[in-house]
Amino acid sequence: MTTKATFYKQVYDLVRQIPAGYVSTYGIIAEQISLRSAARMVGWALNKADIATVPAHRVVNRNGELTGKGHFFTPDTMRQMLETEGVTFRPDGSVDLDRHLFRFSHS
DNA sequence: GACATGACGGCAC
DNA sequence: AGTGCCGCCATGT
């Protein structure tokens with residue numbers, strides 16, 4: 001059990017560490033849990049995760065795009081939540097990573 | 001048990 | 001700089 005079960009927990013735990021107004025990327029999270037290049041699994045875990053218990057809206061892709069918006073109540077929910085938290089977006093609709101990218105600390 | 005798919009990322013062309 | 005392909009791990013059919 002084990003490894004895979006821990007994998008989800010790891011993802012959720014990391015995502016919960018992201019403070020409001022900040023975002024992180026699938027790749028960074030994957031790297032934090034030793035999955036380095038398995039960023040897909042991160043998004044997968046979030047898909048299976050409960051949006052009510054995990055701030056999945058704070059996770060975007062490496063390009064700052066809200067790739068998972070389609071998995072929320074409405075395609076605009078993710079963007080709305082981020083804006084409410086104070087996250088700013090670029091003219092193209094992507095998140096300003098240079099301004100809101102959260103850096104994890106080694107636990 | 002094998003094949004296809006998926007909230008991505010990096011490298012090659 | 002833009003587009004395309006392969007890789008990675010887990011899950012569903």
**Message:** I need the minimum non-hydrogen distance between A49(A) and V54(A), along with the two atoms involved.
**Reply:**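 Answer, listing the atom of A49(A) first, then V54(A): CB-CG2, 4.3 Å.
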Donor-acceptor pairs under 3.5 Å, side chain of residues 19-36 of chain A to any protein atom, not counting sequence neighbours: which ones?
from	atom 1	to	atom 2	distance (Å)
T25(A)	OG1	I28(A)	N	3.2
Y26(A)	OH	V59(A)	O	3.4
Y26(A)	OH	T67(A)	OG1	3.4

Just the rounded figure in Å: distance from [atom2] of [N] to [atom1] of [X].
{"X": "L35(A)", "N": "dT11(C)", "atom1": "CG", "atom2": "P", "answer": "12 Å"}
{"X": "F7(A)", "N": "dG6(B)", "atom1": "CZ", "atom2": "C1'", "answer": "12 Å"}
{"X": "I29(A)", "N": "dA10(C)", "atom1": "CD1", "atom2": "P", "answer": "17 Å"}

**Item:** From T74(A) atom OG1 to K69(A) atom NZ, the distance as rounded to the nearest 0.5 Å
**Value:**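 So the gap between those two atoms works out to 10.5 Å.
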**Request:** Hey, could you give me the CH2/CE distance between W44(A) and M41(A), rounded to the nearest 0.5 Å?
**Result:**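 Here the rounded value is 7.0 Å.
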**nucleotides 7-13 of chain B: protein proximity per nucleotide (B base, S sugar-phosphate only, - neither; heavy atom, under 4.0 Å)** = BBSS---
Name the atoms and distances for all side-chain donor-acceptor pairs under 3.5 Å in residues 81-94 of chain A, with sequence neighbours left out.
from	atom 1	to	atom 2	distance (Å)
E83(A)	OE2	R79(A)	NE	3.0
E83(A)	OE2	R79(A)	NH2	3.4
T84(A)	OG1	Q80(A)	O	2.8
E85(A)	OE1	R58(A)	NE	3.0
E85(A)	OE2	H57(A)	NE2	2.9
E85(A)	OE2	R58(A)	NE	3.3
E85(A)	OE2	R58(A)	NH2	2.9
T88(A)	OG1	H100(A)	NE2	2.8
D92(A)	OD1	S94(A)	OG	3.1
D92(A)	OD2	S94(A)	OG	2.9

